[in-house]
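The shown structure was predicted, so the numbers you read here are calculated from the model rather than taken from an experiment.
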Amino acid sequence: MDIREHLQSALRAALSGVGVDPLPDEIALERPARREHGDWSSNVALAISKSLGKNPREVGMQLVESISADLPDHVESVEIAGPGFVNFRLSDTWLYDVLADVVSGGTTEYATPDLGHGESVNVEFVSANPNKPIHAGHGRGACYGDSLARLRERCGYDVTREFYLNDRGVQMHRFADSLEARKLGEEPPEDGYHGEYVARWASEMPDDADPFEWGYARALASHRETLGKLGIEFDSWFSERSMIASGAIDETLADLNARDAVFEHDGATWLRSTDHGDDKDRVIVRSDGDYTYLLPDIAYHRDKFSRAGHLVNVWGADHHGYVSRMKAAMSFLGHDADELEVVITQLVDLERDGEPVRMSGRSGDLIELDDVITEVGSDAARFTYLMQSVDSRQTFDLDEVKKQAMDNPVFYVQYAYARVCSIEAKAREAGVDRLPLDQIDLTLLTHERETDLLRSLFELPELVEIACTENAPHRISGWAREQAAALHGFYHDCYVMGEGVSAELTQARLALVEGSRIGMAIALDLLGVSAPESM
RNA sequence: GCGCCCGUAGCUCAGCUGGAUAGAGCAUCUGACUACGGAUCAGAAGGUCGGGGGUUCGAAUCCCUCCGGGCGCGCCA
């Protein structure tokens, strides 16, 4: 049993003992910020005192007396503090159970909370138009979406990574026309694409190629290649065009009609999206008979719901206005709008040595993600994109990120991993094999550096769960940085082998080192950052 | 004007379904190398949590309001 559940059941028993009925649904238990407040703290007395009509300190005191009368395992003392907190002081013995879990579970078993029970989830991200290279701003959504998928997989979901291709419509034709013009040595049309890449691709294009199809394939290949460099592979590339061929778009329109979700006005067909909380109703078929972008999008989401129970969309900040209309459309089609989760990622400002780098200009030039990866490397790019919450705008300084120095967190973290591997390699060289857990005396791990590492390892499963539930991979990168700090501290103060280190202590520390390696490997994998054995 | 995101240390950012004296990294200053990789470790200093109200035992966190920044508000995609 988890130490938290262990203490919660003790509190529950104590509450019953003092006549609290019914018991509260939740008994909060957290690690206090300050060490003198013990190892675990509960505010349950503060939470329930009002309904009891008693002073919280008095309630807390009763709980403390009750629990003290028969201390649970691992608990050294219980005390009342502040306005009525019940603080537990534990012996380190509970931490040894944690290490045993980590080492016996390994990277595939430890920190795998089963939240999904095999439920299918479709994570759609990037979905950049197949008519230009992926730019640096897409990198954030790409790394973020892939990390969300990794978190979901770890938490027991059946995940599909999907990329939606807007492979029809005016933008594609403009792209084809621009390619053709460059091929002929002419300027692209006024409303065409003027970026440098158009000329580059046109020069690769065979004379007899169809500019539309060839250009589409070229852009798609570019997307795959760039994302592949980040270790991102999609299970599904879903084509908008395929829905024309399959009749899915017309089918969707008929479905919406049948459900009375649309009306005719001024010769156009409108979705009654205001019925489901949108600001205004939206045109889905124009008066000239053409679809607006929205109808194929609705058809696409309808199709996704036929393939997965839960959808996660990663959209850029400039698309936040479309969330409510898409949810409205899904509600009309009989889906639970809450099963469509749309995460908005804020913009990325690219800088070089503190100076802004222009993302785009009149010429249509942009900073390609591929160039960013070439410059800073995949690991640094991924870690950096995932270091902060996607809710706030990010400044991405190329010079900072590519620095192979201590002010670059990715190297600090990877170096910690490499050090751990180096210790294990050293032990192997010295002919010291790590013994099975039941032959190791973990109670020798009493140094503060050691218990810090154990506490950090204990937190990982809960953190994985939070990161998954809240779509917040930055919680994992934060953990990795703390774990790395704990590892460097341990490395500095606690020698695994050498003079004055007993064989028994070496064994206990080797187990700790292996547990730490496992934890770090799990975190780095969730971020899609490599775990180097040497650097 | 309306909607969404943001405003926390000099800088970059955590913390936000309310908890105790608000955290980390960088930068600055001071210390630590005769053993597993010093790409490291320890310490110091650094704050009106944008301003103002409110809710309550308790607010960076919830509510209202104002200020500042970003992104959206098409029969474009």
Are any protein N/O atoms closer than 3.5 Å to N/O atoms in nucleotides 28-35 of chain B? If there are, list each pair with its distance.
from	atom 1	to	atom 2	distance (Å)
B/rA35	N7	A/Tyr495	OH	3.3

When we call it a touch if two heavy atoms are under 4.0 Å apart, what does A/Ala81 touch: a base, just sugar-phosphate, or nothing?
-> base
Contact class for A/Ser534 vs. all strands (heavy atom < 4.0 Å): base, sugar-phosphate, or nothing?
-> base
NA contact type, A/Leu46, heavy-atom cut-off 4.0 Å: base, sugar-phosphate, or nothing?
-> base
A/Glu459 CD to B/rG15 P: how many Å, rounded?
-> 14 Å
Pick one: which of A/Leu294, A/Val342, A/Leu311 meets side-chain contact (heavy atoms from CB on, under 4.5 Å) with A/Met326?
-> A/Leu294
Determine the interatomic distance between C1' on B/rG69 and the same-named atom on B/rA32; round to the nearest Å.
-> 44 Å
Could A/Arg352 and A/Asp397 be called an ion pair, given the rule that one side-chain N must be under 4.0 Å from one carboxylate O?
-> no
Considering only the C1' atoms, how many Å lie between B/rU21 and B/rG68, rounded to the nearest integer?
-> 31 Å
Can you find a donor-acceptor N/O pair under 3.5 angstrom joining the side chain of A/Ser41 to the base of B/rA20?
-> yes
P gap between B/rC13 and B/rG19, integer Å = 24 Å
Measure from the side chain of A/Arg419, starting at C-beta and using heavy atoms only, and say which of B/rG25, B/rU40, B/rC36 lies closest.
-> B/rU40
Which residues pass the side chain to side chain contact (heavy atoms under 4.5 Å, CB included) test with A/Ala485, sequence neighbours left out?
-> A/Tyr412
To the nearest angstrom, how far is A/Arg57 atom CZ from B/rA20 atom C1'?
-> 12 Å
Contact class for A/Met387 (heavy atom, under 4.0 Å): base, sugar-phosphate, or nothing?
-> nothing
Report the C-alpha distance between A/Glu162 and A/Lys304 in whole Å, list the side-chain angles of each, state the deciding distance to 0.1 Å, and finish with yes or no for salt bridge (Lys or Arg N to Asp or Glu O under 4.0 Å).
-> CA-CA 10 Å; A/Glu162 187 153 311; A/Lys304 282 201 285 189; 5.5 Å; no
A/Tyr300-A/Tyr164 aromatic ring centre distance below 6.0 Å = yes
Pairs meeting criterion ring-ring contact (aromatic ring centres under 6.0 Å, His included) with involvement of residues 452-474 of chain A, two or more places apart = A/Trp40-A/Phe458, A/Trp94-A/Phe458
Between C1' of B/rG25 and CG of A/Asp397, the distance in whole Å | 15 Å
May I have the list of side-chain donor-acceptor pairs in residues 491-502 of chain A shorter than 3.5 Å, sequence neighbours left out?
from	atom 1	to	atom 2	distance (Å)
A/Asp493	OD2	A/Arg449	NE	2.8
A/Asp493	OD2	A/Arg449	NH2	3.2
A/Ser502	OG	A/Leu505	N	3.0

May I ask you to evaluate whether A/Ser389 reaches the phosphate of B/rC16, defined as a side-chain N or O under 4.0 Å from OP1 or OP2?
-> no
Using a 4.0 Å heavy-atom cut-off across all strands, classify A/Cys494 as base, sugar-phosphate, or nothing.
-> base
Go through the side-chain N and O atoms of A/Tyr193 and A/Arg174 and say whether any donor and acceptor fall under 3.5 Å apart.
-> no
Pick the P atom in B/rG47 and in B/rC41, then give their distance to the nearest Å.
-> 25 Å
Mind calculating the distance between CG (A/Asp493) and P (B/rA42) to the nearest angstrom?
-> 8 Å
Touch class at under 4.0 angstrom, heavy-atom based, for A/His488 against every strand present = sugar-phosphate
Rounding to the closest angstrom, what is the interatomic distance between B/rG37 and B/rA9 at atom P?
-> 40 Å
Here the distance between atom P of B/rU40 and atom CD of A/Gln414, to the nearest Å, is 13 Å
Centroid-centroid distance, A/Phe163 to A/Phe125, less than 6.0 Å | no
Under 4.0 Å between any heavy atoms, over every strand shown, what does A/Ser422 touch: base, sugar-phosphate, or nothing? Just pick one.
-> base
Using the aromatic ring of A/Phe85 (for Trp, its six-membered ring), decide whether it stacks on the base of B/rA20 within the limits of 5.5 Å and 30°.
-> yes
Pair A/Tyr293-A/Gln171, side-chain donor/acceptor within less than 3.5 Å | no
Can you tell me, in whole Å, how much space there is between the C1' of B/rU61 and that of B/rC36?
-> 44 Å
With A/Arg286, which of A/Thr269, A/Leu295, A/Thr292 fulfils side-chain contact (heavy atoms from CB on, under 4.5 Å)?
-> A/Thr292
Can you tell me the distance, in whole Å, between the CG atom of A/Asp452 and the C1' atom of B/rA42?
-> 14 Å
Measure from the ring center of A/Phe85 to the ring center of A/His37 and say whether it is less than 6.0 Å.
-> no
Counting primed atoms, P, OP1 and OP2 as sugar-phosphate and everything else as base, the B/S/- map of nucleotides 71-77 of chain B against protein heavy atoms under 4.0 Å is BSSSBBB
Pairwise C1' distance for B/rC71 and B/rU65, with rounding to whole Å | 23 Å
Criterion salt bridge (Lys or Arg N to Asp or Glu O under 4.0 Å) on A/Arg382 and A/Asp379, from CA distance to verdict | CA-CA 5 Å; A/Arg382 284 197 71 131; A/Asp379 285 341; over 6 Å; no
Could you walk me through whether A/Phe396 and A/Tyr385 pass ring-ring contact (aromatic ring centres under 6.0 Å, His included), step by step?
-> CA-CA 8 Å; A/Phe396 191 113; A/Tyr385 277 125; 4.8 Å; yes
Atom-to-atom span, NZ of A/Lys327 to C1' of B/rC4 - whole angstrom | 14 Å
Using the P atom in both, what is the distance from B/rC5 to B/rG15, to the nearest Å?
-> 15 Å
Consecutive Watson-Crick or G-U pairs in runs of at least 3, all under 3.5 Å, in which RNA chain B is involved = B:1-7 with B:67-73, B:10-13 with B:23-26, B:28-32 with B:40-44, B:50-54 with B:62-66
Please determine if a side-chain N or O atom of A/Tyr412 lies less than 4.0 Å away from the OP1 or OP2 oxygen of B/rC26.
-> no
CG of A/Asp349 versus P of B/rG69: gap in Å, rounded?
-> 15 Å
Please state whether the phosphate of B/rA42, meaning OP1 or OP2, lies under 4.0 angstrom from any side-chain nitrogen or oxygen of A/Arg449.
-> yes
Between A/Ala485 and A/Val496, whichever has its closest RNA chain B nucleotide further toward 5' is A/Val496
